Number of protein chains: 2
Amino acid sequence: MKSSKILLVDDDEDILDLLEYNLTKEGYLVQTALNGKKAIEVANEFLPDLIIMDVMMPEMDGIETCGEIRKNKLLSNTIITFLTARGEDYSQIAGYEAGADDYITKPIKPKVLFSKIKGLLRRGNIEAELVEETASMKIDREKYIVLQKGVEISLPKKEFELLALLMSRPNNVFTREKIFASVWGDDIVVGDRTIDVHIRKLREKIGDDYIKTVKGVGYKFVEIES
Amino acid sequence: MKSSKILLVDDDEDILDLLEYNLTKEGYLVQTALNGKKAIEVANEFLPDLIIMDVMMPEMDGIETCGEIRKNKLLSNTIITFLTARGEDYSQIAGYEAGADDYITKPIKPKVLFSKIKGLLRRGNIEAELVEETASMKIDREKYIVLQKGVEISLPKKEFELLALLMSRPNNVFTREKIFASVWGDDIVVGDRTIDVHIRKLREKIGDDYIKTVKGVGYKFVEIES
DNA sequence: TTTCATATTAACCCAATGTTAACTCACTAT
DNA sequence: ATAGTGAGTTAACATTGGGTTAATATGAAA
């Protein structure tokens with residue numbers, strides 16, 4: 001298991017030290033930044049899985065920084081979590097708009113923080129693996145190739161990514177929202193039928209039985225037994 | 001969407017009734033307790049997501065109760081909010097130390113209360129239960145699948161959510177209102193028979209014995225012993 | 001018995017999904 | 001430039017089955 005990388009951003013060095021110490025002890029790879037500018041630099045370099053960032057910072061605040069970070073495509077899978085003082089509700093709205101994934105309120109309770117971090121990383125790690133494999137199907141992100149019972153199938157990008165997503169968790173239902181978010185990206189808006197068509201093309205190529213529709217919920221990949 | 005569970009604690013039964021009525025109507029699962037001791041019992045059993053508790057109570061006051069509740073690890077994610085009369089600031093300090101997360105001042109304005117509750121729960125709801133399990137039945141929200149003695153049963157959305165709700169608290173009776181609020185949502189109005197039909201479909205699939213009718217009250221999920 | 005809540009059955013409706021083909025756009029080869 | 005190609009999207013229509021309701025039956029309680 002690859003250790004998850006966490007970037008901590010806060011202008012209070014004490015908090016940074018405290019969190020860094022504890023998270024390192026938990027087995028995470030931690031880097032810190034004292035301000036937004038620094039955070040962007042480090043993020044681009046370090047490519048963290050999770051960023052925990054104070055909303056209130058001198059110079060460039062968390063929300064602005066968040067927006068900048070979201071511009072880097074390499075960080076599109078990075079989860080951004082804000083630290084906010086209790087009751088700063090106005091900031092939450094702006095924060096979500098800027099692309100934040102979650103909030104942690106001060107004062108920080110270590111237990112809450114850790115369980116939250118675990119949960120967040122689990123969500124984000126969905127498609128970390130480069131090669132997914134089930135009994136009769138293998139997918140290789142690096143080579144952009146799908147092998148079905150040893151036979152190579154070539155898929156165009158979107159179909160490939162869609163299949164890769166579904167295969168990343170066999171039997172798990174992915175909602176349309178999640179599929180859109182993952183394959184297309186949150187910002188891009190495409191029609192509702194687009195996804196069906198891609199599903200259909202996939203089914204044409206790999207057979208109808210691999211992708212199951214869960215009406216009203218989404219789609220899932222199932223391994224079929226002959 | 002699983003409904004959030006709220007525990008109300010106050011020695012004034014009128015307030016309990018009022019809040020219970022309104023919160024249930026909003027789709028929450030509500031339980032009440034008249035004093036601190038009862039609150040601890042119920043909390044340990046009910047595992048609420050949020051506890052709203054009067055500070056001033058006979059016998060065991062809110063702060064002491066809060067301290068007790070915080071000792072239960074299963075309740076570590078539970079948010080505790082105090083009801084306090086305006087100006088009782090001294091209690092706030094003690095309250096935070098005891099582990100309270102927020103305050104609501106009396107007199108209570110319903111709109112303020114609801115928006116506050118929503119905010120609090122959104123923060124706390126990071127990780128709702130994904131799997132519920134009893135001796136012979138397991139339900140998995142991510143896979144949208146029910147396993148009965150290892151045998152996979154697939155259910156349509158509404159049936160699935162209905163079963164999930166009932167299984168979230170085995171042996172607990174869910175009133176029709178609560179079921180509607182949770183599975184359908186308050187705004188949507190459907191006929192009274194709809195629920196019976198779904199119960200019937202469920203029973204057809206998982207067997208008659210799991211879901212018991214409590215006439216005049218509601219339905220409950222019971223684990224059957226062979 | 002009478003009443004009221006729930007069970008049962010089957011028919012109906014419609015929103016979600018499937019399907020097909022056309023259209024756009026980028027890229028390539030001619 | 002022009003035409004060809006294929007991925008991706010959309011539009012238009014078909015289909016399906018989940019969800020709801022209506023009508024009737026059953027059964028428990030008062």
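A, B, ... follow the sequence lines: proteins, then strands. Residue 1 opens every chain. Everything numeric in this text was worked out from a predicted model, so none of it was measured.
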Scan the side chains in residues 147-158 of chain B for donor-acceptor partners under 3.5 Å anywhere in the protein, sequence neighbours excluded, and list what turns up.
unit_1, atom_1, unit_2, atom_2, d
B/Q148, NE2, B/I206, O, 2.8

Annotated protein contacts, base or backbone, on nucleotides 12-22 of chain C with a non-hydrogen cut-off under 4.0 Å, one of B, S, - each: ----SBBBB--
Applying the side chain to side chain contact (heavy atoms under 4.5 Å, CB included) test to A/I6, which of A/L50, A/T81, A/D49, A/L29 qualifies?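 Checked A/L50, A/T81, A/D49, A/L29 against A/I6; only one passes side chain to side chain contact (heavy atoms under 4.5 Å, CB included): A/L50.
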Residues that B/L18 engages under side-chain contact (heavy atoms from CB on, under 4.5 Å), provided they are two or more places apart: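 Per chain and number, B/L18 pairs via side-chain contact (heavy atoms from CB on, under 4.5 Å) with B/N22.
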Could you pull out all residues at least two apart from A/K38 that satisfy side-chain contact (heavy atoms from CB on, under 4.5 Å)?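 For A/K38, the residues satisfying side-chain contact (heavy atoms from CB on, under 4.5 Å) (neighbours in sequence not counted) are A/A33, A/N35, A/E41, A/V42.
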Test the A/K5-A/F46 pair against the cation-pi criterion, namely NZ or CZ under 6.0 angstrom from the six-membered ring centroid and within 45° of the ring axis.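 Yes; both conditions hold, so A/K5 lies above the ring face of A/F46.
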Nearest whole Å is fine: how far is C/dT6 P from B/I211 CD1?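 Rounded to the whole Å, the gap is 15 Å.
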Is there any salt bridge (Lys or Arg N to Asp or Glu O under 4.0 Å) pair reaching into residues 202-213 of chain A, and which pairs are they, with sequence neighbours excluded?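 Sorted pair list: A/E159-A/K205, A/R200-A/E204.
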Of all nucleotides in DNA chain D with an atom under 4.0 Å from a non-hydrogen atom of chain B, which is the first and which the last going 5' to 3'?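 Footprint of chain B along DNA chain D, 5' to 3': D/dG18 to D/dA28.
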Take the angle between the ring planes of B/H198 and B/W184 and call it parallel below 30°, perpendicular above 60°, tilted in between.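 Answer is perpendicular, since the angle exceeds 60°.
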Go nucleotide by nucleotide along DNA chain D from the 5' end; which of A/V190 and A/K205 gets its closest nucleotide reached first?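 The residue closer to the strand's 5' end, by nearest nucleotide, is A/K205.
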Presence of salt bridge, A/K201 and A/D196, under 4.0 angstrom: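 No.
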